[in-house]
Amino acid sequence: MPELPEVEVSRQGLLPYLPGHPLQAALFRVPKLRQPLSPIWAEEMAGHTLQGIARRGKYLLFDFDSQTGGGWLILHLGMSGSLRLVAPGTPPGKHDHVDLVFPHKVLRLKDPRRFGSLVWVRGPQVLDHPLLAPLGIEPLAGEFDGDWLFQATRGRQQPIKQLLMDAHRLVGVGNIYAAESLFRARISPLAPAGRLSRERCARLAAAVREVLAESIAAGGSSVRDYVHSDGGAGSFQLHCAVYGRAGEPCPVCGKPVKVVRQGGRSSFYCPRCQRP
DNA sequence: CGTTACCCCTGGAGGC
DNA sequence: TGCCTCCAGGGGTAAC
């Protein structure tokens with residue numbers, strides 16, 4: 001479910017409710033997600049006040065008094081994770097694996113596939129954690145533009161879609177938004193990255209930023225519903241032009257959308273509009 | 001160093 | 001109705 005827009009919308013949805021409140025308890029109902037969930041973490045976290053929620057790529061970073069003796073809770077939603085705010089005492093449903101209990105609200109993590117990550121890091125530093133340190137640049141920050149993309153692709157024969165999705169270069173662009181960005185930029189996902197012109201790199205970088213920003217904006221308008229309702233990410237998702245639409249007509253030219261496998265993932269594109 | 005294969009899991013869709 | 005296969009928005013690690 002979650003790509004960068006969903007993670008950012010979740011963050012924005014939590015901000016009005018959680019920072020400033022003390023954590024009463026952390027409940028782990030499964031022994032592990034991607035990593036083991038240590039009961040010691042729950043002990044160390046309890047009693048600390050949430051000072052803020054940051055985001056790095058698709059990771060949410062919960063600041064529990066990190067500068068004054070506490071630490072950071074790193075959360076990644078994986079493929080199927082979602083967050084909800086529920087009233088204290090609400091019984092957990094299936095796959096509700098983690099609760100962060102505040103006095104007025106419970107932040108509940110549901111993750112059927114358990115591909116999510118939850119890690120507690122003591123102390124003030126978090127960005128140097130092994131999960132975060134190797135991450136590439138943020139697509140919505142100033143550093144990411146056509147010039148950056150042009151430089152990053154020089155000498156690379158890797159297909160552009162796979163480079164876009166490489167979190168060690170650029171964070172936050174997953175399978176859906178890679179497909180939609182490439183469609184908007186009229187570039188084939190199969191195009192060798194190093195052969196893209198400066199102009200096409202500029203077009204693609206702009207498309208990535210537009211697609212992500214539009215999706216966040218669309219979600220932002222229904223943020224309250226998102227974290228308070230059934231938590232179904234995707235309800236606010238960008239309307240897809242090509243993703244998941246194999247065989248359907250391209251919205252621009254009408255030619256059927258094609259699907260190919262790249263790096264084990266499905267790539268959807270219009271063979272007429274999107275050129276190598 | 002670059003690229004691929006596999007793995008972690010559950011659930012939904014579709015074929016038979 | 002059941003059983004089977006395939007697929008799914010991610011990413012870390014090992015192997016070539």
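Proteins come first, then strands; the chains are lettered A, B, ... in the order of their sequence lines, and each starts at number 1.
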Chemist: Does the pair A:Arg184/A:Glu214 count as a salt bridge with the N-to-O cut at 4.0 Å?
Modeler: yes
Chemist: Give one of base, sugar-phosphate or nothing for A:Ser266, where a contact means two heavy atoms less than 4.0 Å apart.
Modeler: sugar-phosphate
Chemist: For atom CD of A:Glu199, decide whether the heavy atoms of other residues, nucleotides or ligands shown that lie under 6.0 angstrom number more than 12.
Modeler: no
Chemist: Is the closest side-chain donor-acceptor distance between A:Arg261 and A:Ser266 under 3.5 Å?
Modeler: yes
Chemist: Map A:Gly263 and A:Arg34 onto DNA chain B by nearest heavy atom, then report which one ends up closer to the 5' terminus.
Modeler: A:Gly263
Chemist: Without decimals, in angstroms, what is the distance between A:Asp111 CG and B:dC8 P?
Modeler: 16 Å
Chemist: Any salt bridge linking A:Asp145 with A:Arg209? Criterion: basic side-chain nitrogen under 4.0 Å from a carboxylate oxygen.
Modeler: no
Chemist: What distance, rounded to whole Å, do you find between the two P atoms, one in B:dC9 and one in C:dT13?
Modeler: 16 Å
Chemist: Expressed as a whole number of Å, how far does the P atom of B:dC6 sit from that of C:dC6?
Modeler: 13 Å
Chemist: Expressed in angstrom and rounded to an integer, what is the separation of A:Arg261 atom CZ from B:dA5 atom C1'?
Modeler: 13 Å
Chemist: What is the distance, rounded to the nearest whole Å, between atom CD of A:Glu3 and atom C1' of C:dG11?
Modeler: 13 Å
Chemist: Quick check: is A:Tyr269 connected to A:Ile160 through a chain of hydrophobic side chains (ILVMFWY, heavy atoms under 4.5 Å apart)?
Modeler: no
Chemist: C:dG12 C1' sits how many Å from A:Leu33 CG, rounded?
Modeler: 15 Å
Chemist: Using a 6.0 Å distance limit plus a 45 degree cone around the ring axis, check whether A:Arg55 lies over the aromatic ring of A:Tyr59.
Modeler: no
Chemist: Within the 4.0 Å heavy-atom criterion, would you say A:Gln157 contacts the bases, only the backbone, or no part of the nucleic acid?
Modeler: sugar-phosphate
Chemist: Please determine, by modelled atom types, if A:Lys110 and A:Ser82 share a side-chain donor-acceptor pair under 3.5 angstrom.
Modeler: no
Chemist: Polar-atom pairs under 3.5 Å, protein N or O versus N or O of nucleotides 9-12 of chain B: list them with distances, or write none.
Modeler:
from	atom 1	to	atom 2	distance (Å)
B:dC9	O3'	A:Arg114	NH2	3.1
B:dC9	O2	A:Arg113	NE	2.9
B:dT10	OP1	A:Arg114	NH2	2.7
B:dT10	O4'	A:Pro112	O	3.3
B:dT10	O3'	A:His95	NE2	3.1
B:dG11	OP1	A:Lys94	NZ	3.0
B:dG11	OP1	A:His95	NE2	3.1

Chemist: Would you say the rings of A:His21 and A:Phe102 are close, in the sense that their centroids are separated by under 6.0 Å?
Modeler: no
Chemist: Does the side chain of A:His76 get closer than 4.0 angstrom to OP1 or OP2 of C:dG11 through an N or O atom?
Modeler: yes
Chemist: Choosing from C:dG11, C:dG12, C:dA8, which nucleotide comes nearest the side chain of A:Met79?
Modeler: C:dA8
Chemist: Taking the basic N atoms (NZ, or NE/NH1/NH2) and the acidic carboxylate oxygens, is any pair closer than 4.0 Å for A:Lys58 and A:Glu3?
Modeler: no
Chemist: When Watson-Crick pairs (N1 to N3 and N6-O4 or O6-N4) and G-U wobble pairs (N1-O2 and O6-N3) count only below 3.5 Å on both distances, what is the dot-bracket string of DNA chain B, with | for other-strand pairs?
Modeler: .|||||||.|||||||
Chemist: Take the protein atom CG of A:Leu163 and the nucleotide atom C1' of C:dG11, then report the distance between them rounded to whole Å.
Modeler: 16 Å
Chemist: So, is A:Tyr59 close to the C:dG12 phosphate, meaning a side-chain N or O under 4.0 Å from OP1 or OP2?
Modeler: yes
Chemist: In whole angstrom, give the distance that lies between atom CZ of A:Arg265 and atom P of B:dC6.
Modeler: 16 Å
Chemist: So if I take every side-chain heavy atom of A:His168 and compare against C:dG10, C:dC7, C:dG12, which nucleotide ends up nearest?
Modeler: C:dG12
Chemist: Would you please confirm or rule out a distance under 4.0 Å between OP1 or OP2 of B:dT4 and any side-chain N or O of A:Gln262?
Modeler: no
Chemist: Can you tell me how far P of B:dT4 sits from CE of A:Met165, to the nearest Å?
Modeler: 13 Å
Chemist: Do A:Ser117 and A:Gln35 have side-chain N/O donor and acceptor atoms under 3.5 Å apart?
Modeler: yes
Chemist: Distance check needed: B:dT3 C1' versus A:Lys161 NZ, whole Å only.
Modeler: 15 Å
Chemist: May I ask you to verify if any side-chain N or O of A:Ser80 is less than 4.0 angstrom from the OP1 or OP2 atom of C:dG10?
Modeler: no
